[in-house]
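The block underneath contains the structure these notes are about, expressed in structure tokens.
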Protein chains: 2
Amino acid sequence: MSVTIKEVAREAGVSVATVSRVLNGSCNVSEDSAARVNDAIKKLNYSPNYLGRNLRKRETNVILCIMPSSEHSLYSKIVGGMQRYASKIGYDVITAVSDGVSTVEARQMNMLYNRTVDGVVLLGTLFDAQSLNRLAENYDIALCCEGVTGANVLTVAVDDEGAAIDAVKALVKKGHSDIAFIGTKSEAISSTARENGYKMALEECGIPYREELVYKDSYEYACGFDAMNYFNSLEKRPTAIFAVSDLLAIAAIHRAYELGIEVGKDISIMGFDNITMCEMMLPTVSTVEQPCEKMGELVIAKLIENIHSTEKDNKYYTVDHRVILRQSTGD
Amino acid sequence: MSVTIKEVAREAGVSVATVSRVLNGSCNVSEDSAARVNDAIKKLNYSPNYLGRNLRKRETNVILCIMPSSEHSLYSKIVGGMQRYASKIGYDVITAVSDGVSTVEARQMNMLYNRTVDGVVLLGTLFDAQSLNRLAENYDIALCCEGVTGANVLTVAVDDEGAAIDAVKALVKKGHSDIAFIGTKSEAISSTARENGYKMALEECGIPYREELVYKDSYEYACGFDAMNYFNSLEKRPTAIFAVSDLLAIAAIHRAYELGIEVGKDISIMGFDNITMCEMMLPTVSTVEQPCEKMGELVIAKLIENIHSTEKDNKYYTVDHRVILRQSTGD
DNA sequence: TTGTACGCGTTATCAT
DNA sequence: ATGATAACGCGTACAA
């Protein structure tokens, strides 16, 4: 079986307390004892059992990040940012994938209830505002990337409305006025706020809103296909499209080529997120960048502050976005 | 603070032993007691502390998966398969990203040593055979997706050599004989075995091997660009390319278009992995599929068998690959 | 500086 | 069927 602190103590000829002191860097231990303990540790190849340690310390230094999909570049980048920052301050970030199923997400939250982790970051949760508020009373949780209206929970995300405004204005600036929108029917802020931004940008630019230029379904890749089919069937077709996600934009681009429409020339298409694929696609895809690394850092920093504090910070932190113009808008 | 089994026992008017029995589904408990315990659990919103439980049971039912990159679709899919299967049998899979840095990978292995997890799956490890063999003596580990020559460790991967042979033969069957190869200088099996397969396929088909048609650098996306630049500079250019990864193939495709070469017509390009992007690209990308879901399942199943057994299975399990022809080879 | 002893929350053994 | 109690491995207050 696994070697324990007790055996190290016996080997070193000291008490377990002394071994523990060496382990935790206490200064109240003689050089001689410390040396003997370290020798024993090396000789027995000892590694402290964190179950015992964590049980005693009532903390694990582990944060769980629950994400809806294991395959979304946006989430991967954010998690990367979380992990790199967390490791600097002695924390580990582990991940679980809910596949966008609320029951799975709820089950994964058990790791929080049963004290396997100290806190949870939710990337695009399915919990409603009420559930989140109740959860936040007893546990340390945070939302990242996707806020929930009515939830008074620590949140880190871009200013979705402002970002959409900037994106659409960039299209207007390039001479477009027949600008279509691909959104979703979901009530997620990333969808509704970006739709609002789309409308506001049009209004600010004096461009009349035309309902037939709005196509809404879901975040599924295939919906981008359907959207492009629909726009192509219109009498007065759009000359530009703003999609709420890069995946939808890429699907639309793909379908456009199948329909013989040259993207970047016949039509301009802009996505949202700046996933890695944007630079690999032909044509490269214009988009709104979310600062993933920074979002990951910030949410971990604030969450850990909450863990160590009695008064919980439940603010909605907004991080900077950036419009990136590439070939799909003729740049 | 968090409510414990003790308080539940007091509330239900029974001993902690009885509460524990109810919790763990023992049949030796009266209906009456069980009901009172369950009421108390609900009333107090009790959730057992797994640190205590795991410490006592000497197991965590958690598997750690260490991956080199958080953004590779192949890994994401495999992890998805691992998680879905694991959850069926009462296990959780958590992930950590090493970023391909051996020191980071080594540090993450601590979760194994300190008993935070029961076992580890390494996706493309940087440990050498000797280290792996030593590790496997004391802990339950497994390799997935990428084997290590000389390591007698449980491994699940495709038959890289055979898969490469099939891929190249598919190109030959389409009439190609000037077939180039994009590989890497790494000693990873996924690279060396696929290069062997490339050579063997040529030989079997009676096509002479031409060293100038082999370009090797790294798995980095940009290397696909360089490869295409190189092939384009040759006097006798290849009519087909087999790349050891989809990312390299996609980069080559991208560069080909920039050079005015139409992929699928002027040149055929085939990748390896069947990452999600293959179907989104323009043109869609021919490739060799790795059965990710199945690999994830198998490696978890075998690893957990090892965890519960004294005689360790250290076999090299090979799973079926499949050549998929799409537009990039003119299909 | 060092050691003894208790408690973290749970499961399992042993009586009853 | 039930309860008292001893582990599990560790950190630390307290005494020495």
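Proteins come first, then strands; the chains are lettered A, B, ... in the order of their sequence lines, and each starts at number 1.
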Legend entry - Side-chain N,O (Tyr50(A)) to OP1/OP2 (dC8(D)) below 4.0 Å: no
Inset, instruction - Could you say whether Arg21(B) or Leu51(B) is positioned toward the 5' end of DNA chain C, judged by the nucleotide with the nearest heavy atom to each? - result: Leu51(B)
Legend entry - End axis versus end axis in the helix from dT1(C)-dA16(D) to dT16(C)-dA1(D), the angle rounded to 10°, five pairs used at each terminus: 40°
Legend entry - Residues Arg36(A), Asp32(A): salt bridge by 4.0 Å N-O rule: yes
Legend entry - Nearest-nucleotide pick for Arg58(A), side chain only, options being dC8(C), dG9(D), dT10(C): dC8(C)
Legend entry - Residue met sooner reading DNA chain D from 5', once Val14(B) and Lys57(B) are mapped to nucleotides: Val14(B)
Inset, instruction - Within residues 28-38 of chain A, find the residues that approach DNA chain C with a heavy atom at under 4.0 Å, and present them sorted by residue number. - result: Asn28(A), Val29(A), Ser30(A), Ser33(A)
Legend entry - Residue Leu55(A), side-chain atoms from C-beta onward, closest of dT11(C), dG3(D), dC8(C): dC8(C)
Inset, instruction - Return the nearest nucleotide to the side chain of Ser20(B); candidates are dT11(C), dG11(D), dA4(D). - result: dT11(C)
Inset, instruction - Indicate yes or no: at least one non-hydrogen side-chain atom of His308(A) is less than 4.5 angstrom from one of Glu59(A). - result: yes
Inset, instruction - Counting heavy atoms from C-beta on, name the nucleotide in dT11(C), dG11(D), dG3(C) closest to the side chain of Asn24(A). - result: dG11(D)
Legend entry - Presence of donor-acceptor pair under 3.5 Å, side chain of Arg56(B) and base of dT11(C): yes
Inset, instruction - Using atom OH of Tyr113(B) as one end and atom C1' of dC10(D) as the other, report the distance to the nearest whole Å. - result: 21 Å
Legend entry - For Val97(B) against Pro68(B), the heavy-atom pair lying closest together: CG1-O, 4.0 Å
Legend entry - Heavy-atom side-chain contact between Tyr317(A) and Leu298(A) under 4.5 Å: yes
Inset, instruction - Decide, yes or no, whether a salt bridge links Lys77(A) with Glu293(A) under the criterion of side-chain N to carboxylate O below 4.0 Å. - result: no
Inset, instruction - Kindly say whether Leu126(A) contributes a backbone atom to a donor-acceptor pair with the side chain of Glu105(A) at under 3.5 angstrom? - result: yes
Legend entry - Residue of the set Val117(A), Asn114(A), Leu135(A), Val104(A) for which side chain to side chain contact (heavy atoms under 4.5 Å, CB included) holds with Met109(A): Leu135(A)
Legend entry - Pair Tyr113(A) + Tyr139(A): ring centers closer than 6.0 Å: yes
Legend entry - Donor-acceptor pair, side chain of Asn314(A) and main chain of Leu154(A), under 3.5 angstrom: no
Legend entry - Atom-to-atom span, NZ of Lys6(B) to C1' of dT11(C) - whole angstrom: 15 Å
Inset, instruction - Among dT11(C), dA12(C), dG3(C), find the nucleotide with the atom closest to the side chain of Arg53(B). - result: dT11(C)
